[in-house]
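Here is the structure we will look at, set down as structure tokens.
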Amino acid sequence: MLRDENKILSREVTAPSVYFNRRNFIRAGILAASAAATGIAYRKLNPVGTGAGPAVHTATIADVQKFAVTTTNNNSGFTANEPETSFDDIAHYNNFYEFSTDKEEVAVKAANFKTDGWMVSVEGLVNKPKVFALDDILKIAPPEERVYRMRCVEGWSMVIPWVGFSLSKLLSGVEPLSSAKYIAFQTLLDSARMPGQNSKVLNWPYVEGLRMDEAMHPLTILASGIYGRVLPAQDGAPIRMVIPWKYGFKGIKSILKIKLVADQPRTTWSDYAPNEYGFYANVNPHVDHPRWSQATEQRIGESGRRPTLMFNGYEEQVGHLYAGMDLRKNF
Amino acid sequence: MKEGDIRFAKLLVLVCGLVPLALLVWDQAHHRLGANPQNFVILTTGMMTLIFLTLTMAVTPVRKVFGLNWVIQLRRMLGLYAFFYGCLHFLCFYSLDRAFSIFSTLHEIVVRKYIWFGMTALLVMVPLAITSTNAMIKRLGGKRWRTLHRLAYVAAIAGAIHFYMQVKADVRLPLVFVAVLSVLFGYRALDYLRNRKPAPAAAAN
């Protein structure tokens, strides 16, 4: 007996209830897959939520001199009596455009940055210009722990236990001439090691400057560490400036050249937007950034906002440097 | 597409639109929003507003280019999501950045140019959200409703400018939004010119 091969037997037809269940099943699958795809896209665009950045291990610095919080030291400004920002936050939230303009991405891009054979040239209007090997710079003075507030121009702040020593100790060694009125700093220019320099977002190399009296102030330090350990690359290894009463961008990182000069040097951010970033860039809650308020700040690790302090709380120590100056004009 | 399929497509948009918010809340609960969670939340909700505004703007071009007429039915939900994330963005600014100070929030709104653009985008979306129901479309009449909802262009442009203006130096991401919106608007402009009745020939001089 022949059977029509194409005929579908009624018992082979999927029952409507099964068919609709299957459709619901497929829909649930599509729904789940779409939600997952959206989640993955979100994670790709916003990698922060995937957890902490790369682990950071740097060597311990021996014999760091610490200043206890005493009335004297509070007066010196050397040790802020405030909770320190965690090492993790200091090492994973960085403005360092030479690596990335994304603060959470800098640590990733800087992970393999090598500082072997680093030299720093101190030159210009000095009696004894010298090219220092890094180790020789670090031998100029014993390492001190300086716990400073750090206020970023963007409106956030940290408290960072730096390791370093006053820049004045290096400067007095090279004997500045009386014609030296300013000091100009320059960061490494090497786009192979600093991939952010491949983008023209700023005019590389990064340059910064200080007035001579600012540079000689005891609070102004050359830092080579944080938390008693060698400075992670993302924080400006191997050596950087810290000027605690100024916005963070004045603290130039990975310094290659220090030059004493007669005239006010150009500085990177001021070059980029002269109406927004001045040469002085002193922390000042009364002078807003043209685009945002500087009256308060987000302290990293805290929930509320803090009022920003004049000269970042160092008015007692540095206010006299700017006596009689119009701080609205010289912002 | 069948009615049931459209309903399912809407459900898809509804669920996917909530995924970023869910992840934001989840990450916050697990302290995984980085060193500056306040800033991250403000930035992310703003970004979501712009993404949904862009998706809303993409509906008509996608519909015409690919002949997918049914996508128009998703536009309302996309637009409402833009408004929803825009409101969240503003609430985060008010609570996290201005520490719940009404005075300081108003002060910033008045003083900061980039916030003028952000507020414009948000305020413009208010009447659009209110008139997004079927009853309102009927009440206004299709033509008037369409004219009113052209304000969505204003919201998208103002939103992109707002983003561009508050970036410190790296404007690449805001420019991506500008580029995508330009393509979408360019398509609409071309479409408009193509469909316009030919103008009567100018009298020769």
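First the proteins, then the strands, lettered A, B, ... as listed; each starts at 1. The figures that follow rest on heavy atoms only: side chains count, while hydrogens, waters and symmetry mates do not.
Interface residue B:K168: backbone and side-chain heavy atoms are both found under 4.5 Å from chain A. In this structure, the portion of B:Q38 lying under 4.5 Å from any heavy atom of chain A is its side chain and not its backbone. Of the atoms belonging to A:D288, it is side-chain heavy atoms, and not backbone ones, that fall under 4.5 Å from chain B. When heavy atoms are compared at a cutoff of 4.5 Å, A:T85 does not approach chain B at all. Residue B:N39 touches chain A through its side chain alone, counting heavy-atom pairs closer than 4.5 Å. At a 4.5 Å heavy-atom cutoff, the contact between B:L24 and chain A is made by backbone and side-chain atoms alike. At a 4.5 Å heavy-atom cutoff, B:L18 makes no contact with chain A through either its backbone or its side chain. Heavy atoms closer than 4.5 Å to chain A are found in the backbone of B:M165, but not in its side chain. Looking at A:E154, the atoms closer than 4.5 Å to chain B (heavy atoms on both sides) all sit in the side chain, from C-beta outward. The contact between A:N95 and chain B is made entirely by side chain atoms (from C-beta outward), counting heavy-atom distances below 4.5 Å. In this structure, chain A has no heavy atom under 4.5 Å from any part of B:V13. Neither the backbone nor the side chain of A:S86 has a heavy atom closer than 4.5 Å to any heavy atom of chain B. Interface remark: A:I90 contributes no atoms to any contact with chain B (heavy atom separation under 4.5 Å).
Heavy-atom pairs under 4.5 Å with chain B peak, among A:G304, A:S303, A:A273, at A:S303. The choice from B:F8, B:Y114, B:F100 that makes the most heavy-atom pairs within less than 4.5 Å of chain A is B:F8.
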Legend entry - B:F117 vs B:Y164, ring-ring contact (aromatic ring centres under 6.0 Å, His included): CA-CA, chis, key distance, verdict: CA-CA 10 Å; B:F117 286 93; B:Y164 180 90; over 10 Å; no
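At a threshold of 4.5 Å between non-hydrogen side-chain atoms, the residues A:Y93 and A:Q234 do not count as touching.
Ring-centre distance between A:W269 and A:Y247: not below the 6.0 Å cut-off. Taking the six-membered ring for Trp and the full ring otherwise, B:F185 and B:Y153 have centroids separated by under 6.0 Å. For A:F113 and A:F99, the distance between ring centers is under 6.0 angstrom.
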